[in-house]
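Written out below as structure tokens is the structure these notes cover.
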Amino acid sequence: MTRPGFIEAGLKAVRETLVTAADKAGLTMRQYPVTRSGAQRFRGVVRRLETMLRRLLALMAANLAPEPARPAPQPPLTPAKTGAPSHAAEPSDTPVPTPRARAFALTQPGGADPEQLHALRARYGRRPAGDRWAETGTLLERYRTLLGYLDDPAPLARRMARHLARLKCSGAPCPICAPAPVPSRLGHELGLIATILPQAVGEALSDWYNNSS
């Protein structure tokens with residue numbers, strides 16, 4: 001088991017590293033334009049931090065009490081031929097997603113990073129020769145959204161708990177957290193937390209194949 005305060009320390013370290021990376025890239029202070037190389041470094045940091053956040057969310061989810069099972073959604077009633085309005089159908093219990101700038105993937109997304117594809121299109125598109133500045137719109141969106149999740153991770157933790165419960169009930173293999181080394185330039189504390197997380201998540205999911213509970 002992880003020691004008390006480990007999750008809080010992890011979230012704090014991830015948040016501080018994110019803010020520092022945004023400052024170094026020039027996203028927050030806006031004192032100088034963001035270069036393409038600076039944007040690339042920032043994306044690399046964010047990808048590592050998102051991986052760590054997923055693992056911290058898994059630990060948070062393991063500490064949550066199971067939610068009561070929701071009743072299966074009822075199929076909508078067929079409107080009568082007399083012209084009954086379609087909105088008379090029974091409401092579904094499926095929550096309506098609130099608008100967010102960027103949805104957070106609970107599992108590591110596969111394939112190419114959409115932002116990398118965007119950067120490649122921008123690089124080889126209609127840009128003046130010698131232009132080395134990066135577009136900051138998507139970078140700021142990604143930064144602010146991730147920062148918001150770090151400031152209030154509880155809703156994501158509940159989503160992660162439901163996600164893991166569905167996987168377990170479906171007989172899916174237990175998720176495996178491969179070691180994710182953190183570059184030394186991001187700090188000793190963050191590297192230590194990243195080293196501990198795979199084992200901590202493995203312990204939290206140790207009863208994955210125990211269906212007695």
Side-chain angles (χ1 to χ4, degrees), residues 1-22 40-67 100-116 139 141-211 213:
M1 295 293 292
T2 56
R3 302 181 65 177
F6 175 79
I7 295 175
E8 291 77 7
L11 292 171
K12 180 181 178 182
V14 169
R15 190 188 190 283
E16 291 177 349
T17 304
L18 175 65
V19 173
T20 301
Q40 184 177 6
R41 286 193 298 271
F42 179 74
R43 291 190 188 97
V45 172
V46 169
R47 284 194 293 272
R48 290 184 174 91
L49 298 183
E50 286 178 342
T51 297
M52 294 185 64
L53 177 55
R54 291 185 190 97
R55 297 176 178 189
L56 290 167
L57 290 172
L59 294 183
M60 294 177 67
N63 294 328
L64 294 177
E67 292 187 2
R100 298 208 69 131
R102 179 186 176 92
F104 187 80
L106 296 178
T107 56
Q108 188 74 30
D113 188 340
E115 289 191 8
Q116 287 184 327
L139 297 178
E141 176 186 334
R142 191 168 187 176
Y143 164 70
R144 290 169 178 167
T145 304
L146 183 55
L147 191 65
Y149 287 137
L150 289 167
D151 288 339
D152 184 20
L156 271 184
R158 291 191 292 268
R159 273 184 55 202
M160 179 66 81
R162 293 191 295 269
H163 175 69
L164 292 175
R166 285 193 296 268
L167 288 178
K168 184 177 180 181
C169 291
S170 67
C174 180
I176 297 176
C177 292
V182 172
S184 58
R185 67 176 181 275
L186 296 184
H188 173 74
E189 182 181 10
L190 197 72
L192 183 61
I193 292 172
T195 302
I196 296 174
L197 273 173
Q199 180 180 354
V201 174
E203 292 175 357
L205 302 179
S206 59
D207 64 341
W208 185 265
Y209 296 106
N210 179 12
N211 294 322
S213 56

Non-hydrogen side-chain atoms of T20 and V45 separated by less than 4.5 Å: no

Quick one: are R162 and R166 in side-chain contact, heavy atoms under 4.5 Å? yes

Between T17 and R48, is the side chain to side chain contact (heavy atoms under 4.5 Å, CB included) condition met? List the steps. CA-CA 10 Å; T17 304; R48 290 184 174 91; over 6 Å; no

Is there side-chain contact between M60 and L156, with heavy atoms separated by less than 4.5 Å? no

What heavy-atom pair brings L56 and G10 nearest, and what distance separates the two atoms? CD1-C, 3.7 Å

So, the side chain of Y209 versus the backbone of C174: is there a donor-acceptor pair under 3.5 Å, distance only? yes

Nearest 0.5 angstrom please: M52 CE to L186 CG, how far? 9.5 Å

Assess whether side chain to side chain contact (heavy atoms under 4.5 Å, CB included) is satisfied between K168 and L164, documenting all intermediate values. CA-CA 6 Å; K168 184 177 180 181; L164 292 175; over 6 Å; no

Any donor-acceptor pair under 3.5 Å linking the side chain of S206 with the backbone of G202? no

Salt bridge (Lys or Arg N to Asp or Glu O under 4.0 Å) partner of E50, the single match among R43, R142, R55: R142

Under 3.5 Å donor-acceptor, D152 side chain and G148 backbone: no

Which pair of heavy atoms, one from V14 and one from L49, lies closest together, and at what distance? O-CD1, 3.7 Å

Less than 3.5 Å apart, which donor and acceptor atoms pair up between the side chains of residues 192-201 and the rest of the protein, not counting sequence neighbours?
from : atom 1 : to   : atom 2 : distance (Å)
T195 : OG1    : G191 : O      : 2.8
Q199 : NE2    : E203 : OE2    : 3.3

Excluding sequence neighbours, so at least two apart, what forms side-chain contact (heavy atoms from CB on, under 4.5 Å) with A172? L167, S170

Heavy-atom pair of closest approach, residues P153 and L57: O-CD2, 3.8 Å

With a 4.5 Å cut-off on side-chain heavy atoms, are E141 and T145 touching? yes

Nearest heavy-atom pair of A61 and A157: which atoms, and what distance? CB-O, 3.7 Å

Do you know the tightest heavy-atom contact between L18 and L147? CD2-N, 3.9 Å

Under 4.5 Å between any side-chain heavy atoms of R15 and D151, yes or no? yes

Please give me the minimum heavy-atom distance between W208 and P173, naming the atom from each residue. NE1-C, 3.6 Å

